[in-house]
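Worksheet: one structure, shown below.
Numbered from 1 within each chain, the chains take letters A, B, ... in sequence-line order.
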There are 2 protein chains.
Amino acid sequence: MKPVIPADEQRPRRADARRNYDRLVAVAKTAFSEQGADAPLDDIAKRAGVGQGTLYRHFPHRDALLAAVIGESIDALHARAEELLRADDPDWALLEWLRAAVAHAGTYQGLAASMMSSMYDEGSALRSSCDQMHAAGAQLMERAQRQGSARPEFDAADLFQLIAAVAWVTERSADGGQAAERLLPAITKGLLADG
Amino acid sequence: MKPVIPADEQRPRRADARRNYDRLVAVAKTAFSEQGADAPLDDIAKRAGVGQGTLYRHFPHRDALLAAVIGESIDALHARAEELLRADDPDWALLEWLRAAVAHAGTYQGLAASMMSSMYDEGSALRSSCDQMHAAGAQLMERAQRQGSARPEFDAADLFQLIAAVAWVTERSADGGQAAERLLPAITKGLLADG
DNA sequence: ACCTGAACACCGTTCAAGT
DNA sequence: ACCTGAACACCGTTCAAGT
């Protein structure tokens with residue numbers, strides 16, 4: 001279970017190009033925080049002080065930029081899963097990671113939607129991030145099914161969809177993340193035999 | 001529990017205007033089916049043989065057009081709720097309506113997202129459709145909590161969000177509606193004490 | 001190898017001119 | 001009262017010209 005794509009694989013070698021690349025990622029992170037994952041790419045290029053062409057050279061699609069921006073936190077979520085695989089209670093570990101995953105998918109407005117799309121799109125640059133999340137969830141899920149009370153009829157694909165769904169609803173209800181706190185219990189009761 | 005807004009309240013009186021109005025709704029229905037609820041309004045106007053200005057005169061926002069298009073099926077969903085309120089098993093009735101509501105919210109690609117947005121937007125023309133759905137769900141939910149096994153800690157707002165979430169995931173997983181069939185059991189087990 | 005910005009396509013929305 | 005279509009704003013994407 002190692003990161004599928006090292007975050008800086010597509011980081012350019014030439015110094016000026018690398019400078020632009022890094023600034024684009026940094027600026028994008030801010031823009032996504034402020035305006036959501038649909039923030040105009042044009043703005044991001046301008047704020048980073050480069051032409052749009054430069055942005056498109058480094059990141060052919062919005063998803064590529066998104067993938068670069070969330071790379072680190074996906075790795076963190078992955079590390080958290082490794083940690084939780086060694087926790088005593090497999091049910092608790094699964095739910096704990098589920099909460100973390102929902103929080104992650106809610107980092108930016110619109111991120112959950114992008115992840116849902118790219119999960120079913122071979123060509124998306126976000127795909128490997130999604131796969132990583134999927135794989136992390138799968139291990140915790142299987143352990144909770146073997147050693148805990150997780151129902152056998154659900155799988156990691158269901159888990160991924162539930163994560164995206166809860167994050168999506170939460171970002172759209174504008175009640176300050178309260179939706180996730182209400183919906184997660186409903187869902188976890190469904191996932192476990194002794195909710 | 002009567003329809004909050006009669007569907008043809010904003011239907012114009014003058015014959016030519018009414019003709020345009022009706023054609024726009026009919027064309028929009030087709031366009032939404034084919035291209036999703038985000039189908040270009042320009043196209044719809046063109047296909048209906050009117051200028052964009054005419055479309056905007058009748059339907060100031062996309063939501064107004066959407067509301068007109070789904071009006072009838074919202075009424076049907078409403079009627080179905082009335083029916084199910086008289087069913088023997090309150091739990092079964094709730095779940096049955098839940099399935100119908102998810103199916104409805106999945107009529108067009110992007111409809112679930114529009115409904116989620118307008119539910120929390122006072123000014124949206126879709127708001128009353130959402131309120132209608134919410135109200136219908138509330139009655140079935142309360143009955144299932146009183147006379148069935150529905151857990152008391154969830155409410156109709158949660159129900160509405162779950163409906164939107166499942167419909168949204170389903171339209172985005174592109175596995176032919178299979179996602180709903182997998183996720184609904186997970187959720188209903190969470191809603192009922194004896195899932 | 002990389003950058004720039006003009007140019008194009010697309011779509012929502014407004015509005016002056018018309019009937 | 002209603003209609004039309006040109007016009008504008010906005011944003012994604014491409015590409016010729018440059019370093």
Side-chain angles (χ1 to χ4, degrees), chain A residues 8-25 27-28 31-32 34-69 108-110 113-114 117-118 121 123-126, chain B residues 8-25 27-28 31-32 34-69 108-110 113-114 117-118 121 123-126:
Chain A
D8 33 297
E9 179 154 297
Q10 46 177 335
R11 206 152 156 263
R13 289 173 234 108
R14 236 176 68 173
D16 57 340
R18 177 172 294 206
R19 219 169 9 244
N20 283 336
Y21 180 98
D22 289 342
R23 277 173 82 178
L24 280 167
V25 173
V27 166
F32 291 159
E34 292 170 0
Q35 320 183 43
D38 297 315
L41 295 180
D42 192 27
D43 277 10
I44 294 175
K46 258 187 204 117
R47 280 215 248 172
V50 303
Q52 308 102 290
T54 302
L55 189 155
Y56 277 91
R57 160 172 284 267
H58 292 306
F59 308 99
H61 308 288
R62 179 184 294 274
D63 282 359
L65 187 51
L66 255 179
V69 166
Y108 308 116
Q109 293 264 347
S114 290
S117 298
S118 54
D121 175 5
S124 170
L126 252 183
Chain B
D8 33 293
E9 179 154 297
Q10 48 177 336
R11 205 153 155 262
R13 290 174 233 106
R14 239 176 67 173
D16 59 339
R18 179 174 293 207
R19 220 170 9 246
N20 283 336
Y21 180 97
D22 289 341
R23 279 174 80 178
L24 279 167
V25 174
V27 168
F32 291 160
E34 293 170 1
Q35 321 181 42
D38 297 315
L41 295 180
D42 194 26
D43 277 10
I44 294 175
K46 257 188 207 117
R47 281 215 248 171
V50 304
Q52 309 104 290
T54 302
L55 190 155
Y56 277 93
R57 161 171 283 268
H58 292 306
F59 309 100
H61 309 287
R62 178 184 296 274
D63 282 358
L65 188 50
L66 255 178
V69 165
Y108 308 118
Q109 292 265 347
S114 291
S117 298
S118 54
D121 174 5
S124 170
L126 252 184

remark   = Across all chains, not counting sequence neighbours, the side-chain hydrogen bond (donor to acceptor under 3.5 Å, both in side chains) partners of A:Asp121 are none

ask   = Taking only residues two or more places apart in sequence or in another chain, which ones pass side-chain hydrogen bond (donor to acceptor under 3.5 Å, both in side chains) with A:Arg47?
value = A:Glu34

inquiry  = Just to verify, what does B:Asp38 make a side-chain contact (heavy atoms from CB on, under 4.5 Å) with, not counting sequence neighbours?
reply    = none

message = Looking at every heavy atom in both B:Ser114 and B:Leu126, which two are closest together, and how far apart are they?
response = CB-CD1, 3.9 Å

inquiry  = A:Arg18: which residues meet the side-chain hydrogen bond (donor to acceptor under 3.5 Å, both in side chains) condition with it, sequence neighbours left out?
reply    = none

query = Heavy atoms under 4.0 Å, any strand shown: does B:Asp43 hit a base, just sugar-phosphate, or nothing?
reply = nothing

query = Between which nucleotides of DNA chain D, 5' to 3', does chain A make heavy-atom contacts below 4.0 Å?
reply = D:dC11 to D:dC15

ask   = Can you list, by residue number, the residues of residues 54-67 of chain B that have a non-hydrogen atom closer than 4.0 angstrom to DNA chain C?
value = B:Tyr56, B:Arg62

inquiry  = According to salt bridge (charged side-chain N to carboxylate O under 4.0 Å, His left out), who are the partners of A:Arg23, at least two apart in sequence or on a separate chain?
reply    = none

note = Nearest heavy-atom contact between B:Ala31 and B:Ile44 is CB-CG1, 3.8 Å

key: Qualifying residues under side-chain contact (heavy atoms from CB on, under 4.5 Å), relative to A:Pro40, sequence neighbours excluded   = A:Gln35, A:Asp43

inquiry  = Could you work out, with side-chain hydrogen bond (donor to acceptor under 3.5 Å, both in side chains) as the rule, every residue matching A:Ser117, not counting sequence neighbours?
reply    = B:Arg172

inquiry  = Expected output check: what is the dot-bracket annotation of DNA chain D, where ( ) and [ ] are pairs inside the strand (brackets for crossing ones), | is paired with another strand, and pairs are Watson-Crick or G-U under 3.5 Å?
reply    = ||.|||||...|||||.||

task = Report the C-alpha separation of A:Phe32 and A:Gln109 in whole Å, then their side-chain angles, then the decisive distance to 0.1 Å, and conclude whether the side chain to side chain contact (heavy atoms under 4.5 Å, CB included) test is met.
result = CA-CA 8 Å; A:Phe32 291 159; A:Gln109 293 264 347; over 6 Å; no

query = What residues in residues 45-53 of chain B put a non-hydrogen atom under 4.0 Å from any atom of DNA chain D?
reply = B:Gly49, B:Val50, B:Gly51, B:Gln52, B:Gly53

Could you list the donor-acceptor pairs under 3.5 angstrom formed by side chains in residues 50-68 of chain B, with sequence neighbours left out?
| from | atom 1 | to | atom 2 | distance (Å) |
| --- | --- | --- | --- | --- |
| B:Arg62 | NH1 | B:Ala37 | O | 2.9 |
| B:Arg62 | NH1 | B:Ala39 | O | 2.8 |
| B:Arg62 | NH2 | B:Ala39 | O | 3.2 |
| B:Asp63 | OD2 | B:Ser124 | OG | 2.9 |

